[in-house]
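Note that ligands are numbered from 1 as they come in the structure, with each ligand's atoms numbered from 1 the same way. We number each residue from 1, following the sequence as shown.
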Amino acid sequence: MSGLMITFEGGDGSGKSTQIALLAGRLRSLGHEVRTYREPGGVAPGDPGERIRDILLDPVHVELGVRAELLLYEASRAQLVAAHYRPALEAGAIVLCDRYADSSVAYQGYGRAVLSVEEVHELNRIATGGLVPDLTLLLDVDPAAGLAQAALAGMDRLEAAGLDFHERVRVGYLRIAEAEPGRVKVVPRSSEASVAEVVWRHVEPLLARLTP
Ligand code: TYD
């Protein structure tokens, strides 16, 4: 594939969406074709991915089991990979994702602590057909601070899962980064502008890989 796939990961309230917007703007100003996505979700209101997102984030669904939860995240992911990420990458675009497979490992694997991490990896492989990002930026944030930030917009089902859960998610993410240091770069919390600069230092060298 000729494009570039960059994923953003991190706890709730870690500032991923702001950083994605800044990076997309910077890349577009250099003339790059950029597509942005967020998981779980789709690309238009009411499409299957957005309906799955509504189920997953609605705090009324307290009865949703861990396996069902994981499979719903994977269903949303599978659809995005097949219908959007692969075609965009084949067309040579830069694909920026607000969350991808590592979120399931961190949240449903380490966070829920019911399924093994290997089981989550297996479902990720099935959903993505083995599509691995070129770069993953892990915006590391203390869960208490992140949740306080996220709560400003009202708590969704995952944010309401408690501080212990979010502490495990953070540990999970750091383990993922340790296991794959080539792909996953940890970006410590800092001002918006300095995080953006660290992000850029990781992204810029990859632009040479794009085939014109
Ligand atoms: P969202 O409002 O997009 O949160 P954020 O802005 O923090 O990314 O909600 C997505 C929530 O779903 C978030 O709490 C993380 C969670 N999630 C998982 O638990 N597993 C997954 O595979 C994905 C993609 C997200």
Side-chain angles (χ1 to χ4, degrees), residues 5-22 36-43 45 48-59 61-62 64-81 84-85 95-115 117 119-128 131-133 136-173 176 184 187 189 192 195:
M5 179 175 180
I6 301 172
T7 62
F8 283 72
E9 294 284 356
D12 293 76
S14 56
K16 295 184 285 24
S17 49
T18 307
Q19 291 301 323
I20 288 173
L22 291 172
T36 63
Y37 303 94
R38 63 125 163 60
E39 293 193 15
V43 295
E50 286 298 305
R51 296 177 76 177
I52 293 172
R53 178 182 176 87
D54 291 342
I55 297 172
L56 279 165
L57 299 188
D58 192 334
H61 293 142
V62 279
L64 195 60
V66 178
R67 286 164 202 272
E69 177 183 87
L70 173 61
L71 288 164
L72 285 168
Y73 280 112
E74 298 294 0
S76 149
R77 181 166 304 131
Q79 183 62 17
L80 284 168
V81 168
H84 299 284
Y85 302 169
V95 170
L96 303 181
C97 303
D98 189 338
R99 301 191 178 281
Y100 186 57
D102 297 318
S103 278
S104 292
V105 176
Y107 282 78
Q108 281 65 55
Y110 288 98
R112 295 294 186 208
V114 170
L115 296 163
V117 166
E119 285 173 304
V120 181
H121 280 304
E122 199 178 326
L123 285 169
N124 273 335
R125 278 193 293 271
I126 292 169
T128 64
L131 180 67
V132 176
T136 296
L137 296 154
L138 168 55
L139 306 192
D140 185 41
V141 59
D142 168 42
L147 286 177
Q149 179 66 35
L152 297 177
M155 289 272 198
D156 65 36
R157 199 178 56 84
L158 274 287
E159 284 155 5
L163 194 53
D164 286 359
F165 171 79
H166 289 277
E167 299 278 5
R168 290 196 298 277
V169 170
R170 185 195 200 179
V171 169
Y173 269 133
I176 294 169
V184 185
V187 183
R189 187 136 179 104
E192 241 170 63
V195 169

K.L.:
Calculate, to the nearest 0.5 Å, the distance between atoms NZ and CG belonging to K16 and L139 respectively.
P.N.:
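Output value for this atom pair is 7.5 Å.
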K.L.:
Calculate, to the nearest 0.5 Å, the distance between atoms CG and NE2 belonging to L115 and H121 respectively.
P.N.:
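Reported to 0.5 Å precision, the distance equals 12.5 Å.
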K.L.:
Can you list the ligand 1 atoms lying under 4.0 Å from a non-hydrogen atom of S104?
P.N.:
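With S104 as reference, the close atoms of ligand 1 come out as 21 (C), 22 (O).
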K.L.:
Which residues pass the side chain to side chain donor-acceptor pair (under 3.5 Å) test with R99, sequence neighbours left out?
P.N.:
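R99: side chain to side chain donor-acceptor pair (under 3.5 Å) contacts with S103, Y107, Y173.
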K.L.:
For R51, give me all partners under side chain to side chain donor-acceptor pair (under 3.5 Å), at least two apart in sequence or on another chain.
P.N.:
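Counting only residues at least two positions away or on another chain, R51 forms no side chain to side chain donor-acceptor pair (under 3.5 Å).
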K.L.:
Considering non-hydrogen atoms of the protein only, which is the closest contact for atom 16 (C) of ligand 1, and what is the distance?
P.N.:
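Protein heavy atom with the smallest distance to atom 16 (C) of ligand 1: Y73 OH, 3.2 Å.
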K.L.:
For atom 9 (O) of ligand 1, which protein heavy atom lies nearest, and how many Å away is it?
P.N.:
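So the nearest neighbour among protein heavy atoms is L57 CD1, 3.6 Å.
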K.L.:
Which bit of H166 is near ligand 1, meaning a heavy atom under 4.0 Å away: side chain, backbone, both or neither?
P.N.:
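Within the 4.0 Å criterion, H166 makes no contact with ligand 1.
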K.L.:
Number the atoms of ligand 1 from 1 as they appear, then name those within less than 4.0 Å of a heavy atom of D156, with their elements.
P.N.:
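So the atoms of ligand 1 that pass are 2 (O), 9 (O).
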K.L.:
Does ligand 1 have an atom under 4.0 Å from some heavy atom of R53?
P.N.:
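The answer is yes: ligand 1 sits under 4.0 Å from a heavy atom of R53.
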K.L.:
How long is the span from the CD atom in Q108 to the CG atom in L158, to the nearest 0.5 Å?
P.N.:
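Q108 CD to L158 CG: 6.5 Å, rounded to 0.5 Å.
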K.L.:
Could you say whether the N/O atoms of Y100 and ligand 1 ever approach to under 3.5 Å?
P.N.:
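The answer is no, given that Y100 and ligand 1 share no N or O pair closer than 3.5 Å.
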K.L.:
Can you name the nearest heavy-atom pair linking R38 to L80, along with the distance?
P.N.:
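For R38 versus L80, the nearest heavy atoms are O-CD1, 4.1 Å.
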K.L.:
If we only count N/O pairs under 3.5 Å, is K16 in contact with ligand 1?
P.N.:
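Such a contact does occur with ligand 1.
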K.L.:
Which value, rounded to the nearest 0.5 Å, describes the distance between I6 atom CD1 and I20 atom CD1?
P.N.:
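Output value for this atom pair is 10.0 Å.
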K.L.:
Which ligand 1 atoms are under 4.0 Å away from a heavy-atom of E39?
P.N.:
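Answer for ligand 1: 24 (C).
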K.L.:
Where is the nearest protein heavy atom to atom 20 (N) of ligand 1: which residue, which atom, and how far?
P.N.:
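Nearest protein contact, heavy atoms only, for atom 20 (N) of ligand 1 is Q108 OE1, 2.7 Å.
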K.L.:
What are the atoms of ligand 1, with element, lying closer than 4.0 Å to any heavy atom of D12?
P.N.:
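With D12 as reference, the close atoms of ligand 1 come out as 4 (O), 7 (O), 13 (C), 14 (O).
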K.L.:
Between the main-chain N or O of D156 and the side-chain N or O of E159, is there a donor-acceptor pair closer than 3.5 Å?
P.N.:
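Yes.
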K.L.:
Of the protein's non-hydrogen atoms, which lies at the shortest distance from atom 8 (O) of ligand 1, and what is that distance?
P.N.:
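The closest heavy atom on the protein side is R99 NE, 2.6 Å.
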K.L.:
Any heavy atom of R77 closer to ligand 1 than 4.0 angstrom?
P.N.:
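The answer is yes: ligand 1 sits under 4.0 Å from a heavy atom of R77.
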K.L.:
Say you draw a straight line from CZ of R168 to CG of L163; how long is it, rounded to the nearest 0.5 Å?
P.N.:
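Output value for this atom pair is 10.5 Å.
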